[in-house]
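Here, residue 1 is the first one in the sequence, and each next residue gets the next number.
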Amino acid sequence: KQWYQRRVAITAGGDDYNDKHGGKWTVHNLQMYLEHTHGKEVTDRVFDEINWIIVHSLKAVQGVMASDKHCFECYGYDVIIDENMKPWLIEVNASPSLTSTDCDSALIPLL
């Protein structure tokens, strides 16, 4: 809970914070921003590395994941991209938020 509150507080204090959608972007908007600021080649490399992060993380836990052919599981990946355009895995969420709106402030007291 404390880590989450600090992360939201840091994000909300940034110059680029948007009161409407918070710090969440759609994947498409992130891709467009990165292409505009760093070029298509760098953006393609970053997204390829993110895809491999996801693949490797799932392979690492495949032996302990429940498998049911009648349903599926949705995971949310939190990734940060450093100043060298290297993506880093922060965490994987088993019940991710599927919206790009900022309802986080309403959920913080529930944590």
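Transitive grouping of hydrophobic side chains (ILVMFWY, heavy atoms separated by less than 4.5 Å) keeps Trp52 and Ile54 in distinct clusters. Cluster annotation: Val61 and Leu89 are assigned to the same hydrophobic cluster (Ile/Leu/Val/Met/Phe/Trp/Tyr, side-chain heavy-atom contacts under 4.5 Å, transitive). In the hydrophobic clustering of this structure, Phe72 does not group with Met65; members are Ile, Leu, Val, Met, Phe, Trp, Tyr whose side-chain heavy atoms approach within less than 4.5 Å, directly or through other members.
You'll find the side chain of Ile50 stays beyond 4.5 Å of the side chain of Tyr77, heavy atoms only. By the 4.5 Å heavy-atom criterion applied to side chains, Val27 and Phe47 are counted as neighbours.
No donor-acceptor pair closer than 3.5 Å links the side chain of Asn84 to the backbone N or O of Lys86.
To the nearest 0.5 Å, atoms CG (Leu34) and CG (Asn29) are separated by 11.0 Å.
Applying the side-chain hydrogen bond (donor to acceptor under 3.5 Å, both in side chains) test to pairs two or more places apart or on separate chains, those with a residue in residues 40-50 are Lys40-Asp44, Arg45-Glu49.
The number of heavy-atom neighbours closer than 6.0 Å to NE2 of His56, taken from other residues, nucleotides and ligands shown, is above 12.
Here the closest non-hydrogen pair linking Met85 and Val46 is O-CG2, 3.4 Å. Listed here is the closest heavy atom pair of His70 and Asp68: N-OD1, 2.9 Å.
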